[in-house]
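One structure is given below, encoded as structure tokens.
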There are 4 protein chains.
Amino acid sequence: MKKREVQSSVKDEKLVQIRRDQMIKGAVTLFKQKGFHRTTTREIAKAAGFSIGTLYEYIRTKEDVLYLVCDSIYDHVKERLQEDLEHKQGTLESLKLGITNFFHVMDEMQSEVLVMYQEVKSLSKDALPYVLKKEIEMVGMFENLLNKCIENGELDLTEKQVKIIAHDIFVQGQMWGFRRWALRKLFTLEEYIELQTELLFKGIKKYEMSNK
Amino acid sequence: MKKREVQSSVKDEKLVQIRRDQMIKGAVTLFKQKGFHRTTTREIAKAAGFSIGTLYEYIRTKEDVLYLVCDSIYDHVKERLQEDLEHKQGTLESLKLGITNFFHVMDEMQSEVLVMYQEVKSLSKDALPYVLKKEIEMVGMFENLLNKCIENGELDLTEKQVKIIAHDIFVQGQMWGFRRWALRKLFTLEEYIELQTELLFKGIKKYEMSNK
Amino acid sequence: MKKREVQSSVKDEKLVQIRRDQMIKGAVTLFKQKGFHRTTTREIAKAAGFSIGTLYEYIRTKEDVLYLVCDSIYDHVKERLQEDLEHKQGTLESLKLGITNFFHVMDEMQSEVLVMYQEVKSLSKDALPYVLKKEIEMVGMFENLLNKCIENGELDLTEKQVKIIAHDIFVQGQMWGFRRWALRKLFTLEEYIELQTELLFKGIKKYEMSNK
Amino acid sequence: MKKREVQSSVKDEKLVQIRRDQMIKGAVTLFKQKGFHRTTTREIAKAAGFSIGTLYEYIRTKEDVLYLVCDSIYDHVKERLQEDLEHKQGTLESLKLGITNFFHVMDEMQSEVLVMYQEVKSLSKDALPYVLKKEIEMVGMFENLLNKCIENGELDLTEKQVKIIAHDIFVQGQMWGFRRWALRKLFTLEEYIELQTELLFKGIKKYEMSNK
DNA sequence: AATGAATGAGCTTTCATTCAT
DNA sequence: GATGAATGAAAGCTCATTCAT
């Protein structure tokens, strides 16, 4: 999918990248504290370390900042996940590793993800589908892991089962970030991962047996 | 937990209730369409059928409206759930019924729930804990169902397992409302319920067996 | 032609009229001094005697103020003209009276007219035709006076001649307002009127004679 | 009258001339479309074919561009007129030729002239008198033509009559450019010239006769 | 001489809230 | 108790101008 371009009046691509990184970093901090709507463009500029005029040299509307933030978060999450998932695919071990990694990423990027989920709907009709597509891609990564296990004979699941389990994993990961105010009181991250995977694997293996 | 009071300059309690109901009804419709921040108090007043001056006779700040809306949504959801859960508790059937009902409620109240989750963070430090408490109560309802089954000898789960399963059910329900843009393409509500409960029950029963 | 409506959030028509009159009065003064573009909405509000918020209760955009100003100027000019033109039409006297009155009005409303001519093109595609129509109506008033004289046998002009003479009169009137920086040094208003009408009447009568 | 200087930090006079010509050409196009105020300096620079930094090497303020544009338009008009008026002065023919030429120039340069008249007031107190002087010079050209005819015995007019007729001719010329939205529907340029000169000459000759 | 990134004052417009009627 | 006109702080965004390269 082609990157959705955000217009900039500055030509130097390198500089655009630098400034936008500053902008995103500042914006995420602010959005975490007060949300997108309560954050002003002036505050974003200040947090990024430049003037309001300069901010608008690199974006066209405030919403562009939100899009850039969402886009950057997805890219980071995806990158972090792909790092770990390249080796030994097709085993239940690799599946568990994938889940563990994902939950860790969600823990680390908790507030970024929180920001994204609470502000996504403020994106315009233009930017929204692009962001949703990215999410589907991420769910797709878990589908891949599951399908590899099926090909490898380690699991036996219907297509729909694969789909729903991938969604469940994804949502459980987000849940750790989203609902940490409740979950942190009950479990450590390690406990959470252990309990969720145990529950999942028992559910999965049971399928496997019952389909034999 | 004592209801968090929202100040009103009108004394007649009955009238306050009537006006607030009008207000909430109008506000929910608007929040669904454009979110809390993009909805103006004037619009809320108009949708409620009275003037902006009157609106402010029944609340003190715009945020009060949000609180009232969230509160009312929770009450509705809870009420709908309790309707169905009063009978034949302690059986796996009743648990499945509880889940099924919850998922249906989430389907029906999808946009209300969406509104709530995306706007909760706009609540003041004052109102937030009250709303979160309500959510814990709802998760607690699933814990209850599970514990009844354990007392009844139908399940054998640790306390932590109960907690996490209750959360999972709750989040899977929300997920149907939240991520319906993705899920609707893959499953009908009935399929979704069937797949999720099947997966859950296999996971649970396995526990049961392995603990024997 | 139906009045082009300018939206107001205030319902009380009487009040709208009062506030808009204040607004127009203030705006004309400012536009005279600095033109439309260099005048800020805050200045307009202040000159009108109310707050910026109140200003925007009675208009929707800054351009609305310009439209209101133009509209009001035309109405005043037209009203002033019609006052005098009701009696003894069809004589050369009445024509001369009409011209004299028009030139006097242009003298009195000099700066208003100047404002209008320099800012009209800032009107949106929406408002412009409405204003131009008003101008054509005013030229039409001189065509009427001329045609009445023709019907009365006092003049003998072709249709095209009537058109161009009406335009000439109109433009000569404006010219007194427009170019007063140059004309005032050369003539008094009375002299100007005398010279222009003398020149015109000789031109007209000559036609009359040559067509006989 | 000494040219009003516009400061430039570039020393090379030749280059200054080149760059300013590019600038004026671009600016006129833009001013025609959107007026002086709605045109940005960036757009002017771009239309001129160089950067915003370079633009400011050749002017000091945006207003300088307007001045340069007005100045250039006047020069063009004047030049075009003088071309034609050098020969056979002092006859009514030459007067008619002068008028005809002027009206043609006004037709050709219609939008430039329109720009000038609508934006002149945006000139600073400093530049304005200089531009107005130019206009007086142009009116003066018609005074000259008339006076030549008087010297030649072809006309017999008072000084004031000469002045007002020169103004009338000038304004009628502008009117063709200014009010072309109305006039074009009624007359071709040739018709317009014919009607106006016929009317004028009859008025003038009548004077002539009546003064005998 | 040419460039264009940076600046920030200043613009138009919105909207939660108040208060006289 | 109901109304809605008035308020003004504050928002998003623009653009003439500067200056280091």
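Worth saying up front: this structure is predicted, and the values here are computed from it rather than measured. Labels below follow one simple rule: chain letters A, B, ... track the order of the sequence lines, proteins then strands, and each chain is numbered from 1.
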Quiz item: To the nearest Å, how far apart are A/I44 CD1 and F/dC13 C1'?
Solution: 13 Å

Quiz prompt | A/G49 or B/H37, whichever maps to the more 5' nucleotide of DNA chain E | solution = A/G49

Exercise. Would you indicate, yes or no, if E/dT7 has its OP1 or OP2 atom less than 4.0 angstrom from a side-chain nitrogen or oxygen of A/T54?
Key: yes

Quiz item: So what does A/T40 touch, heavy atoms closer than 4.0 Å: a base, only the sugar-phosphate, or nothing?
Solution: sugar-phosphate

Quiz item: E/dG10 pairs with which nucleotide, Watson-Crick or G-U wobble, both distances below 3.5 Å?
Solution: F/dC13

Self-check item: Length of the CG-C1' vector between A/D12 and F/dT21, whole Å
Solution: 13 Å

Quiz item: Is there a donor-acceptor pair under 3.5 Å between the side chain of D/E119 and the backbone N or O of D/F36?
Solution: yes

Quiz prompt | Step-by-step salt bridge (charged side-chain N to carboxylate O under 4.0 Å, His left out) determination, B/D71 to B/R4 | solution = CA-CA 10 Å; B/D71 196 42; B/R4 179 173 164 280; over 6 Å; no

Self-check item: Out of F/dT3, F/dT7, F/dA16, whichever nucleotide has its closest atom nearest the side chain of D/T41
Solution: F/dA16

Exercise. Say whether C/Q22 and C/R19, considering side chains only, have a donor N or O and an acceptor N or O under 3.5 Å apart.
Key: yes

Practice problem: Calculate the interatomic distance between C/I59 atom CD1 and F/dA5 atom P; express it in whole Å. | Solution: 16 Å

Quiz item: Where the side chain of B/V10 is defined as all heavy atoms beyond and including C-beta, which of E/dT7, F/dT17, F/dA2 is the nearest nucleotide?
Solution: F/dA2

Quiz item: Which nucleotide sits closest to the side chain of C/F50: F/dG1, F/dT7, F/dT17?
Solution: F/dT7

Self-check item: Minimum-distance nucleotide to D/R42 side chain [options: E/dA2, F/dT17, F/dA11]
Solution: F/dT17

Self-check item: Interatomic distance, D/K46 NZ vs F/dC15 P [rounded to whole Å]
Solution: 14 Å

Practice problem: Please state how far atom NZ in B/K62 lies from atom P in E/dT18, giving the value in whole angstrom units. | Solution: 15 Å

Quiz item: Between F/dG12, E/dT3, F/dA5, which one does the side chain of B/I52 approach most closely?
Solution: F/dA5

Practice problem: Round to the nearest Å and state the distance from D/R38 atom CZ to E/dC11 atom C1'. | Solution: 13 Å

Self-check item: Residue D/E57, side-chain heavy atoms: nucleotide from E/dT3, F/dA11, F/dT3 that is nearest
Solution: E/dT3

Quiz item: Can you check whether A/Y56 has a side-chain N or O nearer than 4.0 Å to OP1 or OP2 of F/dT14?
Solution: no

Quiz item: Could you state the OH-C1' distance from D/Y58 to E/dT3, rounded to the nearest angstrom?
Solution: 12 Å

Quiz prompt | side-chain N/O A/R60 vs F/dG12 OP1/OP2, d < 4.0 Å | solution = no

Self-check item: Distance, rounded to the nearest Å, where D/L55 contributes CG and F/dT17 contributes C1'
Solution: 11 Å

Quiz item: Taking atom types as modelled and ignoring hydrogens, do the side chains of B/Y117 and B/E135 form a donor-acceptor contact shorter than 3.5 angstrom?
Solution: yes

Exercise. Nearest-nucleotide wise, let me know which of B/G53 and C/G53 is further upstream toward the 5' end of DNA chain F.
Key: B/G53

Practice problem: Taking only the side-chain heavy atoms of D/L15 (C-beta and beyond), determine which of E/dA2, F/dA11, F/dG1 contains the nearest atom. | Solution: E/dA2

Practice problem: I would like to know whether A/K25 and A/E112 meet salt bridge (charged side-chain N to carboxylate O under 4.0 Å, His left out); could you show each step before the answer? | Solution: CA-CA 10 Å; A/K25 212 175 155 193; A/E112 280 84 356; over 6 Å; no

Practice problem: Using a 4.0 Å heavy-atom cut-off across all strands, classify C/T39 as base, sugar-phosphate, or nothing. | Solution: sugar-phosphate

Quiz item: For F/dT21, what is the paired nucleotide under Watson-Crick or G-U wobble rules, both distances under 3.5 Å?
Solution: E/dA2

Quiz item: Would you say the side-chain atoms of D/S111 pair up with the backbone N or O of D/K32, donor to acceptor, closer than 3.5 Å?
Solution: no

